[in-house]
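Lettering follows sequence order; numbering is per chain, from 1.
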Amino acid sequence: MRTLTERTLAEHIAALAARAYSAEELTRAYLDAVVRKDGELGAFLTVLPERSIAAARRIDSRRAAGEKLPSLAGLPYALKDNICAKGVRMTCGSRFLENYIPPYSAHVAELLENNGAVLLGKLNMDEFGMGSSSEHSAFHPTKNPLAPDRVPGGSSGGCAAAVAAGEIPFALGSDTGGSIRQPAAFCGVVGMKPTWGAVSRYGLTAFASSLDQIGPITGDVRDNALILNAIAGRDARDATSQARKTPDYTAELEKDVRGLRLGLPKEIFGEAIDAEVRAAVRNAAKRFEKAGAEIIEISLPSIAYALAAYYIISSAEASSNLARFDGVRYGRRAEEYTDLTQLYVRSRSEGFGDEVKRRILLGTFVLSSGYYDAYYKKAQNARLVIKKDFESAFGVCDCLLTPVAPTAAFRFGEKRDPLEMYAGDVCTVPAGLAGLPALSMPCGKTGEGLPVGMQLIGRRFSEPLLYRLGVAFEREGGGTRENG
Amino acid sequence: MKTVDGYEAVIGLEVHVEPSTKTKIFCSCPTTFGAPPNTQVCPVCMGLPGALPTLNGKVVEYAVRAGLALNCGIARRSGHDRKNYFYPDLPKAYQISQYDEPLCAGGWIEIETGETKKRIGITRIHIEEDAGKLIHDEKNGTLIDCNRCGVPLIEIVSEPDLRSAEEAEAYLRALRNTLLYIGVSDCKMNEGSMRCDVNLSVRKKGETALGTRTEMKNINSFRFTSRAIAYEYERQVAALLRGERIVQQTRRFDPATGRTETMRIKEEADDYRYFPEPDLEPITLSDAYIETLRGALPELPDARERRIAEEYGLPRKDAALIAEDKAAADWYEAVAKKTEYPRAAANLLLGDLFHMNTADEFSSPIDPGCMAALCTLLGDGTVNNPTAKKLLERMYRDGIDPVAAVREERLSQIRDGETLGRLVAEAIAANPKCASDFRNGKTAAAKTIVGAVMKSTGGRADPALTARLTEEMLGKF
C-alpha cells in the first residue's frame, strides 16, 4: 500500500471527491513530508503551513456544504520561487530579493487558487533561473532525492526534487533553456515546457522574456496534462500569450501511437552525449517502435549554433530584465552609499551572485553599440535558422525524440567551469529558441541507477500529442523507478 | 531673433505630446494630472518583478492620426524597443520606445512667418512611455513620484529645417493647432502634455554641412523655446567668432536668467543598448484601419481657413487668424451661423475679444447667441461701432444681454439727419475757431466737431453721418 504522498494527482482528485480523506488531511500529509525530509533535501525556500491548512479547510467546508468544487480543489502544490503569490515572499533564489513580498499574484497562481489548489510553499532555484544545478541558489543547495551527493538539476531544481521526494504532488517551474526539463530528467519526474505563449508569463520574474515559459512538474504524464489544463490559455495581461483556443490536454491520452513518426536528430546523438544516455533514449525509441510508431533519423544542422545563440540572447534580455533590481524601490539596498552611482553599484554587487553578474556582463556586452550586429543580431539570425530547421523536420515527422541532458545528474561541485555547465543545455535550448513545446520524462536508468530523461519536442501547440506519446510510453512500462 | 551677419541657425525640434488617453500606455492606470504622488500606479508601471506591458491601442490610434494630419507615411509594421539606462525615475531601468521602426515617418507641416510660408519636414513620429518625477525635498532627500511612469507620449521629430526662433515658434504653434484640431492631445505646456527639446547648431550661410549641435531639453513654453534659441544661437556664433569649437552637449535653459547652461557633456554617444522589446508583439496596421482613421480626420486648419474665408466672406488673413485656433474657430462659427453679419463678428473677435483673452488658449465666456445678437445690432446699424465695443466688454466681463442693454439704456444710435444737423450746428456755434481753421485748410478741425457731437450724445451719434454733416456745414461758413 502506497502512502498518501506517493499517490498521483488523479488518484487524489478521485479520493477527495469520494471523501476518502479530506483536503486538510492531504495537506497535512504533504506538510509532514516537508518537515520530515526538507531539512536534508532543501527543496523549499518558504513553507506556508498555516496558510495552506486554512485554505484546505475552506475547501473541506465547501465540500461539506455540498458545493460543486473546481477541478483541483484541495490539491497541494508549490511554486518555483520566481512566480509571484500575493503576500508570500519571493526571492528568485537571490539575496537581492531576500525580503521581497509581491503585492500581486501571477496569472497561473490566480488560476490555481481559483481552481481550489492549495499553495504549500515556494521552491528553491538557481538565482533568477540562471544555472543548471540549483547550486547557484543564494540560500542553500537542493539535493537530488534519488542520489543525495548529486544535484537535482536546475534551475527548477527545487520543483523537481520536491515532486520526486513526495513533498508535493505537483509544482510549477519555469523553463528558459531547459530549466523545467533538465531537473525533471535528473530527478526522474515529468516536466513540460509548453509552447511559448501557451501559458501566461504575467507574474513570472523575467529572466529572458522571449524564452521563459511556465510549466508543470509532476509525477506522471497524466497529472502533467491535468495541470496544464488548469494554467494554459490567453491572458490579456501578457501580450505574448496566444489567443488560440486552449485544447483539453487530457483528451488524447488514451490514443495509441500507431502511425506516428518520431524523428531522432542525429546531431543530438553525438559524442557530446554520454553513451548510457544515448543507449537509454535509443532504447526508448525501440519501445515506441514496438508500440507502433515509426522511427526515422533526421537532421537539424543549425543545432550547432543553438548554445551560442541561446547564451547571447538570454543574457542580453537578462541584462535588461534584471536592471530594475537597482536598490531604489524594493529589494536589497546597500547600507552605505554616498551617491546614486554608488547606490546602484553596491546594491547590485552585494545582491547578485557571480553567475548572475556573469550573465549581466555578457548580455550588456552583446547589446553594446559596435557589438550588437556581431553578436545579438547574429544570434537572432541563428535563431531564425534553427526555427526553420525544426519546421523542415516537422515536414517529415510528427515529433522529435532526444535526450534531455548529455548526462544523468552530476555531483555537487563537479562542473566548476561555467562553459562546461552551459554545455549541459545542448539538448534543451533548441526547443526554447524555437518556442516549441517539449516534454521531459524518465526513459531509463544508468548503471548507477540514476534516471535518464528523454525529450519529446513537437510543433507549436502540439502538447496533446506529446502527452499522448508520454502516456503510451508509460503504458509500455515507462522509465520510472519501478520499471527502469 | 537678432542674427549675426553670415551665420544661420539650423534647428530641429523634438516635441513630446501626451495623447488624451484616459489610461497609461502599457497598463490601465489613469493618467489624470495632479493626483497625489504614487496613487496612479500598479505592478506594471512600477516595474515590479513579473509584471508585463500590454499596449493601449488608443495610443497607436492617436499617433497614427497625428501622422496622417502631418502628411506622414504610416508603417504597416512597427516595433517596440527597449532603451536601457539607469535612473531612479525609470522603474524598469528601460524605457519602452520605438527605435528603428517608428509608427510614422516622412511628413511635413506648413508654417507662416510674416508673409513667408515654408514647409518643415517631419522626420518621424513614435510612441513611448514617460518616466516618473523626482521631487527634491530638504527634509527627506529625493523622493520619487511614479504617477507619470507609463504615461503615453507621442514624439514628433522635425527635420533640421528651422532657421530662427520665429520659425521654431511658428512651427510649434502650427503643430499644436493641428494636434488640437484632431483632438490627439490637449497640448498644455504648463501641465507637461507638450514639451520641446531643441537641437541647434550654427553655420556660415551657404554651407551645407551641419555644425556641432547642442541639445536643450524639456522646454515647456513657446516663449522659452524662442528665448532659448535666440540665446543659444548668439552663444554659439560668439564662440565661433572667438575661434572656439562648439562642444556637443545637453544644455538647460534657465527662464530666470534667459541663458542656457551646460547640463551634461557628451564625450561619446550614449549607448542605450536598444533591442526589440520581447514582451510585446510588433504593431501591425491594416490598410483598412489606416484609411478609416484618415477618413475620420476632421477638417484641418488650412482647409478650414479657406472655407471660413469663403463661407463668411472674410479676408483670407482674418480667416487664417481665426482658423488657426480651433477653439476660436469653433466659437466664431457658432456665432457666424446665427447672424447675417459674420464680418462684424470677425472684426469684434479679432479686434477686441482676442485681446481680452490673455490665456494661451482661446476661450470665450460669451454665449455665441448673445454675440450673434450684438453682431446683428452692429450690422444693421442699431448701434454704432464704439457702442458695440463697449457692450462687448460688458458681455465679456459681466455677461450682460446686449439686446436688453440697448433697449433699457437706450443705446441705439442716432441716425436722424435733422437731429444730428441740429447738434452739429450747436457744436460749431460753440467752437467758432473750428470754422476758421477749416476754411484755412485745417480739415482736422472737423474732428473736434464730430467729437463734441459724440460727447453730447453719449457716443450714440452715427459717426459717419455726423462727419458728413459736419463737413457740409463747415464748408458753408
Side-chain angles (χ1 to χ4, degrees), chain A residues 82-84 90 92 96-97 100 102-107 128 197 200-206 208-212 235-241 313 316-317 319-331 340-341 343-345 348 363-372 376-377 380, chain B residues 25-28 38 41-57 60 79-96 99-100 131-132 134 136 141-146 149 268-283:
Chain A
N82 58 354
I83 301 173
C84 296
M90 176 180 74
C92 296
F96 200 98
L97 293 178
Y100 175 72
Y104 76 101
S105 284
H107 184 65
F128 290 108
S200 166
R201 293 183 290 118
Y202 191 77
L204 166 67
T205 307
S209 314
S210 74
L211 296 149
D212 295 341
D235 171 19
R237 292 171 298 182
D238 175 357
T240 63
S241 87
I313 292 167
E317 292 182 15
S319 72
S320 174
N321 282 330
L322 269 60
R324 70 188 61 196
F325 302 117
D326 58 5
V328 172
R329 292 163 310 280
Y330 53 80
L340 186 61
T341 306
L343 163 69
Y344 287 148
V345 171
R348 288 167 68 80
T364 304
F365 171 75
V366 299
L367 287 176
S368 300
S369 93
Y371 300 98
Y372 182 92
Y376 182 79
K377 207 167 169 193
Q380 288 291 13
Chain B
I25 183 167
F26 297 123
C27 63
S28 49
N38 299 311
V41 294
C42 73
V44 177
C45 54
M46 290 286 284
L48 295 189
L52 295 171
T54 49
L55 179 61
N56 178 349
V60 175
H80 300 278
D81 298 280
R82 290 189 185 176
K83 179 180 181 179
N84 295 284
Y85 64 96
F86 286 96
Y87 204 64
D89 66 4
L90 192 67
K92 299 190 297 299
Y94 56 83
Q95 178 197 34
I96 305 178
Y99 181 54
D100 50 4
L134 296 186
H136 301 286
T142 301
L143 304 172
I144 306 169
D145 177 5
C146 289
C149 294
E268 46 196 281
D270 286 316
D271 190 352
Y272 291 116
R273 288 171 283 117
Y274 280 100
F275 74 102
E277 165 59 272
D279 285 329
L280 291 167
E281 300 285 346
I283 304 167

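Heavy-atom distances place the side chain of Y94(B), and not its backbone, under 4.5 Å from chain A. There is no contact between L343(A) and chain B, counting heavy-atom distances below 4.5 Å. Heavy atoms closer than 4.5 Å to chain A are found in both the backbone and the side chain of Y87(B). With a 4.5 Å cut-off on non-hydrogen atoms, F325(A) touches chain B through its side chain but not through its backbone. Heavy atoms closer than 4.5 Å to chain B are found in both the backbone and the side chain of T364(A). Interface remark: I144(B) contributes side-chain atoms only to the contact with chain A (heavy atom separation under 4.5 Å). Only the side chain of N84(B) comes within contact range of chain A, with at least one heavy atom under 4.5 Å from a heavy atom of that chain.
For the pair P43(B) and Y202(A), the tightest heavy-atom approach, listed with the atom from each and the gap, is CB-OH, 4.2 Å. Nearest heavy atoms, R324(A) versus P91(B): CB-O, 3.5 Å. For the pair A239(A) and T54(B), the tightest heavy-atom approach, listed with the atom from each and the gap, is N-CG2, 3.9 Å. Annotation for R329(A) and L90(B): closest pair NH1-O, 4.4 Å, computed over non-hydrogen atoms. Residues D279(B) and S209(A) come closest through the heavy atom pair OD1-CB, 3.1 Å.
Across C146(B), P53(B), G47(B), A93(B), the residue that shares the most heavy-atom pairs under 4.5 angstrom with chain A is G47(B). Heavy-atom pairs under 4.5 Å with chain A were tallied for P278(B), P276(B), P49(B); the largest tally goes to P49(B).
Annotation: side chain of F86(B) is not in contact with side chain of T341(A) (no heavy-atom distance under 4.5 Å).
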Does the side-chain contact (heavy atoms from CB on, under 4.5 Å) test come out yes or no for Y274(B) and Y372(A), once each step is laid out?
-> CA-CA 9 Å; Y274(B) 280 100; Y372(A) 182 92; over 6 Å; no

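Rounding to the nearest 0.5 Å places OG of S319(A) at 6.0 Å from CZ of F275(B). Note: L52(B) CG to T240(A) OG1 = 6.5 Å, rounded to the nearest 0.5 Å. Taking OG of S241(A) as the start and CD of E281(B) as the end, the distance is 9.5 Å to the nearest 0.5 Å.
For D271(B) (side chain) and S369(A) (main-chain N/O), a donor-acceptor pair under 3.5 Å exists by modelled atom type.
Among residues two or more places apart in sequence or in another chain, the side chain to side chain contact (heavy atoms under 4.5 Å, CB included) test is passed with A208(A) by T176(A), L211(A), D212(A), S314(A), E317(A). Judged as a side chain to side chain contact (heavy atoms under 4.5 Å, CB included), and not counting sequence neighbours, the contacts of P103(A) are Y100(A), L48(B).
For Y371(A), the OH atom sits in a loose shell: 12 or fewer heavy atoms of surrounding residues, nucleotides or ligands are nearer than 6.0 Å.
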